[in-house]
Amino acid sequence: AVLPPGGTLNAINLHTGEYAWKIPLGQYPDLAAKGQKDTGSENYGGPIVTAGGLVFIGATNFDKKIRAFDKSTGELLWEATLPFAGNATPVTYEVNGRQFVVIAAGGDKDPKSSSGGVYVAFALPR
């Protein structure tokens, strides 16, 4: 089977210029249902990195997920499915000492999925 083009999330060590880690980012639900996971997928949007060492990124067009990775290792720590693809860079903010991450979820790049326009916010654990 021919796989569609996949995407990766890469971390670069700015002291050496070498890759610290590379991981597939996203998946195609049709392929995942057939057991072909971690293929990476087309993505639109960038990551943010928190002071606590978390990398948040939506960007995956077809699986509609936002994910959090460990900055040092690339380990997936958390993910959630959005109502539409989060083809945007998340933002973070703080209210009364509580940190939040929000992403605009609008989709519009996958012809098989509906599009909309919502903001989805997540509270980080204390």
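Sequence positions, counted from 1, serve as the residue numbers for this chain.
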Inset, instruction - Quick one: pull up CG in Asp70 and CD in Glu75 and give me the separation to the nearest 0.5 Å. - result: 6.5 Å
Inset, instruction - Identify whether Tyr19 and Leu9 are in the same connected component of the hydrophobic contact network (ILVMFWY, side-chain heavy atoms under 4.5 Å). - result: no
Legend entry - Co-membership, hydrophobic cluster, residues Trp78 and Val120, 4.5 Å side-chain: yes
Legend entry - Derivation of the side chain to side chain donor-acceptor pair (under 3.5 Å) call for Asn61 and Asn43: CA-CA 5 Å; Asn61 192 50; Asn43 49 77; over 6 Å; no
Inset, instruction - Kindly give the heavy-atom pair with the smallest separation between Gln27 and Asp38, and that separation in Å. - result: OE1-N, 3.9 Å
Inset, instruction - Side-chain contact test, heavy atoms from C-beta onward, threshold under 4.5 Å: evaluate it for Arg67 versus Leu77 and give yes or no. - result: no
Inset, instruction - Verify, without hydrogens or angle tests, whether Thr16 (side chain) and Glu18 (backbone) share a donor-acceptor contact under 3.5 angstrom. - result: yes
Inset, instruction - Of all the heavy-atom pairs spanning Lys71 and Val49, show the shortest one and how long it is. - result: CD-CG1, 3.6 Å
Inset, instruction - Group every Ile, Leu, Val, Met, Phe, Trp and Tyr by side-chain heavy-atom contacts under 4.5 Å, then state whether Leu76 and Ile66 land in the same group. - result: no
Legend entry - Non-hydrogen atoms of Gly45 and Ala59 that approach each other most closely: O-CB, 3.6 Å
Legend entry - Exam field: side chain Thr8 to backbone Asn10, donor-acceptor pair closer than 3.5 Å: no
Can you list, pair by pair, the side-chain donor-acceptor contacts under 3.5 Å of residues 89-104, counting residues two or more places apart and other chains?
from  : atom 1 : to     : atom 2 : distance (Å)
Thr89 : OG1    : Gly46  : N      : 2.9
Thr92 : OG1    : Gln99  : NE2    : 2.8
Thr92 : OG1    : Phe100 : O      : 2.8
Arg98 : NE     : Leu124 : O      : 2.8
Arg98 : NH2    : Leu124 : O      : 3.0

Inset, instruction - Would you please test Glu42 and Tyr28 for side chain to side chain contact (heavy atoms under 4.5 Å, CB included) and show each step? - result: CA-CA 9 Å; Glu42 194 177 322; Tyr28 293 90; 4.1 Å; yes
Legend entry - Joint cluster assignment, Phe56 & Leu82, ILVMFWY side-chain distance < 4.5 Å: yes
Legend entry - Validation row: Ile57, Leu25 side chains within 4.5 angstrom (heavy atoms): yes
Legend entry - Same apolar cluster: Val118 and Phe122, side chain cutoff 4.5 Å: yes
Legend entry - Trp21 side chain vs Ile12 backbone, donor-acceptor pair below 3.5 Å: no
